[in-house]
Undergrad: 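Sending over a structure as structure tokens; questions will come in a sec.
Source: prediction; values computed, not measured. Each chain gets a letter, A, B and so on, in the order its sequence line appears, and its residues count up from 1.
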Amino acid sequence: MPEKQYDAKQIEEKWQERWKDSALFRAEENSTKPKYYVLEMLPYPSGTLHIGHIRNYTIGDALARYKRMRGFNVLHPMGWDAFGLPAENAAIANKRDPYEWTMFNIENMKRQHRRMGFSYDWSREVATCDPEYYRWNQWFFLKMLENGLAYRKKALVNWCNECGTVLANEQVVDGCCWRHEGTPVEQRAIEQWFLRITKYADELLNAISELENGWPERVLLMQTNWIGRSEGAEVDFQLDGSGQPIRVFTTRIDTIFGAACLILAPEHPMVAELASAELKPQVKQMIDSRASKGPGDVDKEGLPTGKFAVNPFSGEKIPIWIGNFVLMGYGTGAIMAVPAHDARDYEFCEKYGIEWRPAVEPVGFGKPIQVIWPFVDDGLLRESGEFSGLPSEEARRVMTAKAEAEGFGKAAVTYRIKDWGISRQRYWGTPIPVIYCPNCGIVPVPEKDLPVVLPLGIPILGKGRSPLENVPEFMNVKCPKCGEDARRESDTMDTFIDSSWYFYRYCDPHNSNAPFDSAKIAYWFPIDQYIGGVEHAILHLIYSRFWTKMMRDFGLVTNDEPVARLFTQGMVIKDGAKMSKSKGNVVSADQMIERFGADTGRIFELFAAPPEKEMDWTDAGANGAYSFLGRVYRYVTRNVGQGQPEPTDTDRKVLRKLHQTLQRITGDFESRWHFNTSIAALMELMNALIEHEKQISRVVMADVLEKLTLMLEPFAPYLAEEIWEEQGKTAPVFHYAWPEYDPELARDEEAEIVIQINGKVRGRLYVAFGTNRETLEKQAIGDSKIQPLLDGKQVVKVIVVPDRLVNIVVK
RNA sequence: GCCCGGGUGGCGAAAUCGGCAGACGCAAAGGACUUAAAAUCCUUUUUCCGGCAACGGGAGUGUGGGUUCAAGUCCCACCCCGGGCACCA
């Protein structure tokens, strides 16, 4: 057959037409096959896919296609994280309605996904801005409200002036808004809705050990740090005079005899009574200046109250200060400062000349050791009354017990994680389903009235208050309890709620009676492989785990965790630089496909680097991937039905290479996921096939072409389908089984034995596999190249590693 | 400051269990085909020394030490780069 030129565009358009609107990639409903749920994090519909997004989906799609060929019932869905600020900001900037803007983007990105050939089950597509989706956000919220997991309180919250809304703690980066890098986050006191994620803090932490096999260690570490469990004790100091207790939290109760002063956060409730009239303006200033401070170190500042507190262990009176570095939101908002054993306390007390003394000394060897203050490690207690001489660890136990027995303290655990503030003073999100009634107070919207539909086509103007406040048809409502005039909640939910459970909805996307059918969840969950960027290590991935545990406690699901295995792929950069709009180096999927084709993009993204590492997109590199695919296409088209009529000597060699390739790629899928080496293996196979092109028999040629196509399918599906058809076979390729490799065929004919002298390679032997040590040693020493080198030397030792090497140690 | 990653040719990388460092690709150089270009194909390509050559020899995986017959891989110290956390008491 004459060879044909590779025309990616023509091939890809042809197959897109055939795949369109077909049920080819649908997951089966009542299958006897084992299930496999592979999922890539759903995108925000920002407008266009670029080569950075594509990597994520290419990895997932390769896996989905491979697993189908391995006989799994694969669920591989896609959807849209469609609520959020960018839609609203675009609406303000371009006067476009957020709904229309979002829908337009979804259509465009879906077109790009199809063009890339990703094998999604589009019948399960979910867009989170669809009332049929977000009504279940509201439904969950009501259940949480009922169960005390959602509550409203006035709290200091993170406020971004640019967004004009509140941010969750997880959305504050370096003291600035995660979306506006230069905008410091302010602290404001606002009435907010919170979800009690802290109730699950311990479980979220403990279950991390069960995820260790499937999740990247660094993600688990980040979550561990984020939850920030810390064990210690709460201890009451008494206000000198009134005897009123001031509670502090400490992890180092063993150092309490070294407490030099008590320091309260400026927002601490007792500051009101402790601070004199002339001090109060300074306290207010301290609060304000910290609120407006950006990232970086804030200098420690303190204000003396002139009042004293009594140390419950030593009876000593120590001064009470107010300090800007003490956080109201952590522990009790008050600390005991032990400068001898804490770097921050040391800095503070040195600055203000507060006297201090040590309470713990290093465990020495009888000799006095030079101690550098502060000494923050454990040691032996000194000058600590009855506890002197005890090691720190024991002292903590004994002293906590004493505090508990005498009623001035107890063992306590605090967490860094705080409850999840979900109120956003924004339009484009899920309306929070509550009504404020002048008579009845907070009234949940009855379940039968869900969804509370977000009104469309409304004017979006300023910032600071939800645009919904200006929509009377939405705001004015009768109280469901008493029927009086009432108002709706105008805040909407944080969009991280949408993404906390979307992957459950994929299992039952059109259910109008419940968020999903629990039986379907029991079949599909947990997600076997989740793939996304590491930037979601704490936000999305901790919320999702929380949501799953909450649903489990409501009896909706039986799994404890949503995701069995997580893979975080590396970033895509362009010519060594980060892609960004301002640099103008963002390559859209469309541009890439026009120039190289979807298959080339997929192959190159996998080939250029292992998937967890950063990947540098260069057009020259992509060109290399293109010529590889061209070589494959031309080779197949000119060799279909060709070959020597009789078996040849070369057949064995070619089959060996084929089965070695199969072995490597299968191994990459099953364990390492280093698809860069999979593609390299395919290239090596092609090189070998080209080298031996004319010496391969017809039978072997047909076999090799078939298996080559099957192996290509997860990576370059368009080309695979095309050359499958060229071979006279019936599409689609992924309905055929992944080829098994034959270890007998894959094995090399002879073992190549390296002969070393003192660790340096000096020669080689070719022997049968399994040749014994004695024979190898004899042959190596007797080798004609080796003999002269041993002349006049004394052989000290010979190390023989069968099938690998012989190392002769000489003197 | 603390906690994770990582450092291998001109570049992206490979070496899966301590056993031949640099597979595969890019770029570069030379050549074939072509009126020409593109495309395609062939050859060379870690570095230094010797040789017309086949080839031979030395060095080499951030730096310095160590373990071992053998180290990119294990151990200790340090340097640099990337990421996370950062007054969390």
Undergrad: Classify the ring geometry of Y626(A) against Y6(A): parallel below 30°, tilted from 30° to 60°, perpendicular beyond 60°.
TA: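 Tilted: the ring planes of Y626(A) and Y6(A) meet at 30° to 60°.
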Undergrad: Which nucleotide in the set rC41(B), rA27(B), rA14(B) lies at the smallest distance from any side-chain heavy atom of R631(A)?
TA: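 Of the options given, the side chain of R631(A) lies nearest rC41(B).
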Undergrad: Taking the side chain of V801(A) as heavy atoms from C-beta outward, which of rU40(B), rG25(B), rG19(B) is closest to it?
TA: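 My answer, after comparing the listed nucleotides, is rG19(B).
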Undergrad: Starting at atom CG of D299(A), determine the distance to atom P of rC87(B), rounded to an integer number of angstrom.
TA: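 It is 14 Å, rounded to the nearest whole Å.
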Undergrad: Taking the P atom of each, how far is rA71(B) from rU45(B), in whole Å?
TA: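 Their P atoms lie roughly 27 Å apart.
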Undergrad: Please determine if a side-chain N or O atom of N225(A) lies less than 4.0 Å away from the OP1 or OP2 oxygen of rC2(B).
TA: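 N225(A) to rC2(B) OP1/OP2: no side-chain N or O under 4.0 Å.
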Undergrad: So for atom CZ, which belongs to R218(A), do other residues, nucleotides or ligands contribute more than 12 heavy atoms lying within a distance under 6.0 Å?
TA: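 Not more than 12 within 6.0 Å, no.
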Undergrad: Roughly how far apart, to the nearest Å, are rU73(B) and rG6(B) at atom P?
TA: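 After rounding to an integer number of Å, I get 13 Å for this pair.
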Undergrad: Does K613(A) put a side-chain nitrogen or oxygen below 4.0 Å from OP1 or OP2 of rA13(B)?
TA: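 For rA13(B), OP1 or OP2 has a side-chain N or O of K613(A) closer than 4.0 Å.
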Undergrad: Decide if atom NZ of K578(A) counts as having more than 12 heavy atoms of other residues, nucleotides or ligands within a radius under 6.0 Å.
TA: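 No, the 6.0 Å shell around NZ holds no more than 12 heavy atoms from other groups.
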Undergrad: How many whole angstroms separate atom CZ of F715(A) from atom C1' of rC24(B)?
TA: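 Roughly 14 Å, once rounded to whole Å.
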Undergrad: Taking the six-membered ring for Trp, are H536(A) and H540(A) parallel (under 30°), tilted (30 to 60°) or perpendicular (over 60°)?
TA: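 It falls in the perpendicular class, over 60°.
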Undergrad: In whole angstrom, give me the gap between the P atoms of rG9(B) and rC87(B).
TA: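 It works out to 39 Å between them.
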Undergrad: Choose from rU16(B), rG58(B), rC24(B) the nucleotide whose nearest atom is closest to any side-chain atom of R664(A).
TA: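 Ranking rU16(B), rG58(B), rC24(B) by closest atom to the R664(A) side chain puts rU16(B) first.
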Undergrad: Indicate yes or no: does R664(A) engage E684(A) in a salt bridge with an N to O separation below 4.0 Å.
TA: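 Answer for the salt bridge query: yes.
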Undergrad: Which is true for K785(A) with a 4.0 Å heavy-atom rule: it touches a base, it touches only sugar-phosphate, or it touches nothing?
TA: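 Counting heavy atoms under 4.0 Å across all strands, no contact is made by K785(A).
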Undergrad: By the 4.0 Å heavy-atom rule, please label R229(A) as base, sugar-phosphate, or nothing.
TA: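 Contact class for R229(A): none.
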Undergrad: Output the single nucleotide from rC3(B), rC87(B), rC20(B) whose closest atom is nearest the side chain of L221(A).
TA: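 Minimum distance to the L221(A) side chain belongs to rC3(B).
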Undergrad: Would you kindly give the CD1-to-P distance between I755(A) and rG19(B), to the nearest whole Å?
TA: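 Going from I755(A) (CD1) to rG19(B) (P), I get 19 Å.
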Undergrad: Is there a side-chain polar atom (N or O) of N676(A) under 4.0 Å from OP1 or OP2 of rA14(B)?
TA: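 So the side-chain polar atoms of N676(A) do come within 4.0 Å of the phosphate oxygens OP1 or OP2 of rA14(B), strictly under.
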Undergrad: What is the distance from CE of M615(A) to P of rC24(B), rounded to the nearest Å?
TA: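 After rounding, the reported distance stands at 20 Å.
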Undergrad: Just checking S671(A): base, sugar-phosphate only, or nothing, at a heavy-atom cut-off of under 4.0 Å?
TA: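 If one applies the 4.0 Å heavy-atom cut-off, S671(A) turns out to touch nothing in the nucleic acid.
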Undergrad: Using the C1' atom in both, what is the distance from rU46(B) to rC42(B), to the nearest Å?
TA: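 Their C1' atoms lie roughly 23 Å apart.
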Undergrad: Could you tell me how far rG62(B) sits from rG58(B) if I compare only their P atoms? Round to whole Å.
TA: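 The answer is 23 Å between these two P atoms.
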Undergrad: How is V248(A) classified with respect to the nucleic acid when contacts are heavy atoms under 4.0 Å: base, sugar-phosphate, or nothing?
TA: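 Nothing, no heavy atom under 4.0 Å.
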Undergrad: Need one value for D345(A): base, sugar-phosphate or nothing, where a base atom within 4.0 Å counts as base even if backbone is also close, heavy atoms only.
TA: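 Here D345(A) touches no strand at all.
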Undergrad: Which atom names give the shortest non-hydrogen contact between A411(A) and T400(A), and what distance separates them?
TA: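 It is N-CG2, 3.5 Å.
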Undergrad: Take E217(A) and A625(A), find for each the nucleotide of RNA chain B with the closest heavy atom, and name the residue whose nucleotide sits nearer the 5' end.
TA: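 Looking at RNA chain B, the more 5' nearest nucleotide goes with E217(A).
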Undergrad: Which value, in whole Å, describes the distance between the C1' atoms of nucleotides rU8(B) and rG84(B)?
TA: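 Roughly 26 Å separates the two C1' atoms.
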Undergrad: When the distance from NE2 of H674(A) to C1' of rG12(B) is rounded to whole Å, what number comes out?
TA: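 Atom-to-atom, H674(A) to rG12(B), this comes out as 15 Å.
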Undergrad: Answer syn or anti for rG9(B), where the cut-off is 90° from 0 on the glycosidic torsion.
TA: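 Chi for rG9(B) falls in the syn range.
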Undergrad: What nucleotide, of rC26(B), rG19(B), rA23(B), holds the atom closest to the side chain of A620(A)?
TA: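 Looking only at heavy atoms from C-beta outward on A620(A), the closest nucleotide is rC26(B).
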Undergrad: Measuring from the side chain of R634(A) (C-beta onward, heavy atoms only), which nucleotide among rG19(B), rA23(B), rC41(B) has the closest atom?
TA: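 Of the options given, the side chain of R634(A) lies nearest rC41(B).
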Undergrad: Name the orientation class of the two ring planes belonging to W617(A) and F604(A) (parallel below 30°, tilted from 30 to 60°, perpendicular beyond 60°).
TA: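 Perpendicular.
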Undergrad: Dot-bracket, 5' to 3', for RNA chain B please: Watson-Crick or G-U pairs under 3.5 Å, [ ] where pairs cross earlier ones, | where the partner sits on another strand, dots elsewhere.
TA: (((((((..(((......[....))).(((((.......))))).(((((....)))))..(((((..]....))))))))))))....
Undergrad: Which label fits rC17(B), syn or anti, where anti is any glycosidic angle not within 90° of 0?
TA: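 The base of rC17(B) is oriented syn (glycosidic angle within 90° of 0).
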Undergrad: Output the rounded distance in Å from CD (E231(A)) to C1' (rA89(B)).
TA: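 One finds 15 Å between C1' of rA89(B) and CD of E231(A), rounded.
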Undergrad: Under 4.0 angstrom, heavy atoms only, what part of the nucleic acid is Q5(A) near: base, sugar-phosphate, or nothing?
TA: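 The answer is nothing, as Q5(A) stays clear of every strand by at least 4.0 Å.
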Undergrad: What nucleotide, of rA13(B), rA89(B), rG5(B), holds the atom closest to the side chain of S230(A)?
TA: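 That would be rA89(B).
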Undergrad: If you count every heavy atom of other residues, nucleotides or ligands that lies below 6.0 Å from E393(A) atom CD, does the total exceed 12?
TA: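 Atom CD in E393(A) is not crowded, with 12 or fewer foreign heavy atoms closer than 6.0 Å.
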Undergrad: Counting only side-chain heavy atoms from C-beta out, which of rC87(B), rA23(B), rC69(B) sits nearest to N807(A)?
TA: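 Within the option list, the nearest is rC69(B).
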Undergrad: G624(A) near the nucleic acid: base, sugar-phosphate alone, or nothing, with a heavy-atom cut-off under 4.0 Å?
TA: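 The answer is sugar-phosphate, as G624(A) gets under 4.0 Å only of primed atoms, P, OP1 or OP2.
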Undergrad: Considering only atom P, compute the distance from rA36(B) to rA59(B) and round it to an integer number of Å.
TA: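 Each nucleotide's P atom is 50 Å from the other's.
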Undergrad: Counting the benzene-type ring for Trp, do F375(A) and Y346(A) have ring centres under 6.0 Å apart?
TA: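 Between F375(A) and Y346(A), the centre distance exceeds or equals 6.0 Å.
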Undergrad: Could you work out the separation of rA54(B) and rG12(B) based on their C1' atoms and round it to a whole Å?
TA: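 34 Å, rounded to whole Å.
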Undergrad: Rounded to the Å, how far apart are R218(A) CZ and rG6(B) P?
TA: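 For the pair R218(A) CZ and rG6(B) P, the rounded distance is 10 Å.
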Undergrad: Which of the following nucleotides, rC87(B), rG58(B), rC24(B), is nearest to the side chain of K300(A)?
TA: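 The closest nucleotide is rC87(B).
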Undergrad: Are R247(A) and rA89(B) close enough that a side-chain N or O sits under 4.0 Å from OP1 or OP2?
TA: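 For R247(A), the contact criterion (side-chain N or O under 4.0 Å from OP1 or OP2 of rA89(B)) is not met.
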Undergrad: Looking at rC20(B), does its base get a donor-acceptor pair with the side chain of E752(A) below 3.5 Å?
TA: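 Present.
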Undergrad: Does T251(A) or R672(A) map to a spot on RNA chain B nearer the 5' end, using the closest nucleotide for each?
TA: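 The residue closer to the strand's 5' end, by nearest nucleotide, is R672(A).
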Undergrad: Looking at F325(A), I'd like to know if the NZ or CZ of K300(A) sits under 6.0 Å from its six-membered ring centre while staying within 45 degrees of the ring's axis.
TA: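 Judged by the rule (NZ or CZ under 6.0 Å from the ring centre, within 45° of its axis), K300(A) counts as positioned above F325(A).
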Undergrad: Which label fits F669(A) and F715(A): parallel for a plane angle under 30°, tilted from 30 to 60°, or perpendicular past 60°?
TA: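 F669(A) and F715(A): parallel rings.
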Undergrad: Tell me if the side-chain of R764(A) makes a donor-acceptor pair with the base of rC20(B), cut-off 3.5 Å, by modelled atom types.
TA: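 Such a pair exists between side chain and base.
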Undergrad: May I have the distance from I753(A) (atom CD1) to rC20(B) (atom P), rounded to whole angstrom?
TA: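 Atom CD1 in I753(A) sits about 12 Å away from atom P in rC20(B).
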Undergrad: Among rA89(B), rA13(B), rG25(B), which nucleotide has an atom closest to any side-chain atom of F607(A)?
TA: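 Among the listed nucleotides, the one closest to the side chain of F607(A) is rG25(B).
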